[in-house]
Chemist: 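For reference, the structure I am asking about is given below.
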Number of protein chains: 2
Amino acid sequence: MLRVSKITDHGIVILSNLASEPDGSTQSAREIAAEARLPLPVVSKTLKRLARAGILESHRGAKGGYALARSPAEITLADAITALEGPIGLMECSVHLGQCSHESTCTIRGPWQRVNDEIRASLERITISELLPTPGGDGELIPLRVASGDRRR
Amino acid sequence: MLRVSKITDHGIVILSNLASEPDGSTQSAREIAAEARLPLPVVSKTLKRLARAGILESHRGAKGGYALARSPAEITLADAITALEGPIGLMECSVHLGQCSHESTCTIRGPWQRVNDEIRASLERITISELLPTPGGDGELIPLRVASGDRRR
DNA sequence: TATTTACAGTACCGTACGGGTCCGATATCC
DNA sequence: GGATATCGGACCCGTACGGTACTGTAAATA
Ligand code: FES
Ligand code: FES
């Protein structure tokens, strides 16, 4: 299905929730889980990964919690995905060579690489702040800048 | 990693190999496996899926085998991926609603959908024939039409 | 028609990863 | 300094899927 992993899914939701808070505010894992209506362990694990990748700041102890390490407009979807499930690579050989059993006979590596780059570029274009409803109006969504005219099937 | 499944990976390689044969020619699963240097069972399963999806024609019995059901230029990557691993949907809720536990509180569905559409559009733009080396020159690759200027990180 | 070839479908197995639990480390507050 | 709250890391478990094997069925050939 070309799906991002479940944990990434959760992570994006969490990030967008955090981004809609006044900036710099820290929330505990428990609060975040409640807001996202997700089980605490899952949220906790997700937060840990995001913190380790430097997307979130973590503060321990009482009154501790997590906060965005930088502005939502500076966090791209590619950042989040990479942090949560590793480098973006559609195929095994997209991430580093020598994986596909026999690159010698395979002529499609180059073209695949371009597809990969194109998709990564798409994901790098979108930031967390673009996922939020507009601060003023409720429910209204910021329109995305789509790369080219969208062509449905 | 935002990876396509392994079977899709194999499928694309197989399709590109078939596409480089003179068109209409059928090859047995055994031959195809030999050419792709992949274990026969894996290739066999992959071919079955592609045939069921109508991308390949299968012919049983002696002298049977598989052949492309249509021109390589008419088979997009999206077709192949959909055939091999189901509909393209980055998140659970991208494919059909009512999956994400609580769509009511989730504000990011709309934007995500656009990201999904954009990526699917990319995959629909690329055909199998574009993965092949140019028929005349050896090793030279047909340049892809990238959607927009590629911006590396 | 008998035989051979090769695809079709089903069922089975092992690993990988999402999901969950537990204990240790650290900062705040009394 | 003790108590409490919260994050960090290691470990365990169940499911899902890639990989495999087996049996059935259709087509070609003699
Ligand atoms: S598919 Fe990976 S090198 Fe060919
Ligand atoms: S509805 Fe699926 S992430 Fe919100």
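Everything quoted here is computed from the prediction, not taken from an experiment. Note: hydrogens, waters and symmetry copies are ignored here, and every other heavy atom, side chains too, is used. To find a chain, count down the sequence lines: A is the first, B the second, and so on, and within it residues start at 1.
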Chemist: Rounded to whole Å, please give me the gap between CG in B:Leu40 and P in D:dT20.
Modeler: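 My rounded result for the distance is 10 Å.
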Chemist: Could you check how far CG of B:Leu84 sits from P of D:dC17, rounded to whole Å?
Modeler: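 The answer, rounded to whole Å, is 14 Å.
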Chemist: Find the distance B:Glu85:CD to D:dC17:P and express it as a whole number of Å.
Modeler: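 So the CD-P distance, B:Glu85 to D:dC17, works out to 11 Å.
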Chemist: Please classify the nucleic acid contact of A:Ser5 as base, sugar-phosphate, or nothing, using heavy-atom distances under 4.0 Å.
Modeler: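 Sugar-phosphate, no base atom in range.
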Chemist: Using heavy-atom distances to pick each residue's nearest nucleotide on DNA chain C, tell me which of A:Ala62 and A:His10 is more 5'.
Modeler: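 So the residue in question is A:His10.
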Chemist: Tell me which of B:Arg49 and A:Ala51 sits closer to the 5' end of DNA chain D, going by the nucleotide each one is nearest to.
Modeler: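 The residue mapped nearer the 5' terminus is A:Ala51.
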Chemist: Atom CD1 of B:Ile7 and atom C1' of D:dG19: how far apart are they, to the nearest Å?
Modeler: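 Interatomic distance, CD1 of B:Ile7 to C1' of D:dG19: 9 Å.
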Chemist: Using a cut-off of less than 4.0 Å, is there contact between a side-chain N or O of A:Ser58 and OP1 or OP2 of D:dG8?
Modeler: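 So the side chain of A:Ser58 is within the cut-off, an N or O lying under 4.0 Å from OP1 or OP2 of D:dG8.
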Chemist: For A:Arg60 and D:dT4, what is the distance between atoms CZ and C1' respectively, to the nearest whole Å?
Modeler: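 Roughly 15 Å, once rounded to whole Å.
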Chemist: Determine whether a donor-acceptor pair (one donor, one acceptor, N or O, separation below 3.5 Å) exists between the side chain of B:Lys45 and the base of D:dG19.
Modeler: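 A donor-acceptor contact between them is present.
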Chemist: Say whether A:Thr82 and A:Asp79, considering side chains only, have a donor N or O and an acceptor N or O under 3.5 Å apart.
Modeler: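 There is no such pair (donor and acceptor under 3.5 Å, judged by atom type) between the side chains of A:Thr82 and A:Asp79.
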Chemist: Between A:Arg52 (CZ) and D:dG9 (C1'), how many Å, whole number?
Modeler: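 For the pair A:Arg52 CZ and D:dG9 C1', the rounded distance is 8 Å.
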Chemist: Rounding to a whole Å, what distance do you find between B:Arg30:CZ and C:dT5:P?
Modeler: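 That distance rounds to 10 Å.
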Chemist: Please report the closest heavy-atom contact between B:Val42 and B:His10, naming both atoms and the distance.
Modeler: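 Between these two residues, the closest heavy atoms are CG1-ND1, 3.3 Å.
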Chemist: If you assign each of B:Ala29 and A:Val42 to its closest nucleotide in DNA chain C, which residue comes earlier from the 5' end?
Modeler: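 That would be B:Ala29.
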Chemist: Does the distance from a Lys or Arg side-chain N to an Asp or Glu carboxylate O, for A:Asp117 and A:Arg114, drop under 4.0 Å?
Modeler: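 Judged by the 4.0 Å cut-off on N to carboxylate O distance, A:Asp117 and A:Arg114 do not form a salt bridge.
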Chemist: Check A:Glu118 with B:Arg125, please: is the shortest side-chain N to carboxylate O separation under 4.0 Å?
Modeler: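 Yes, charged N to carboxylate O under 4.0 Å.
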Chemist: Rounded to the nearest angstrom, tell me the gap between atom NZ in B:Lys63 and atom P in D:dT29.
Modeler: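 For the pair B:Lys63 NZ and D:dT29 P, the rounded distance is 8 Å.
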Chemist: Under 3.5 Å, is there an N or O donor on one side and an acceptor on the other linking the side chain of B:Lys6 and the base of D:dG19?
Modeler: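 Answer no: no donor N or O sits under 3.5 Å from an acceptor.
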Chemist: Do you know which two heavy atoms are closest between A:Ile12 and A:Ala80, and how far apart they sit?
Modeler: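 Taking A:Ile12 first and A:Ala80 second, the nearest heavy atoms are CD1-CB, 3.7 Å.
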Chemist: Which comes earlier along DNA chain D counting from the 5' end, the contact point of A:Lys48 or that of A:Gly61, where each point is its nearest nucleotide?
Modeler: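 Here A:Gly61 is the residue nearer the 5' end.
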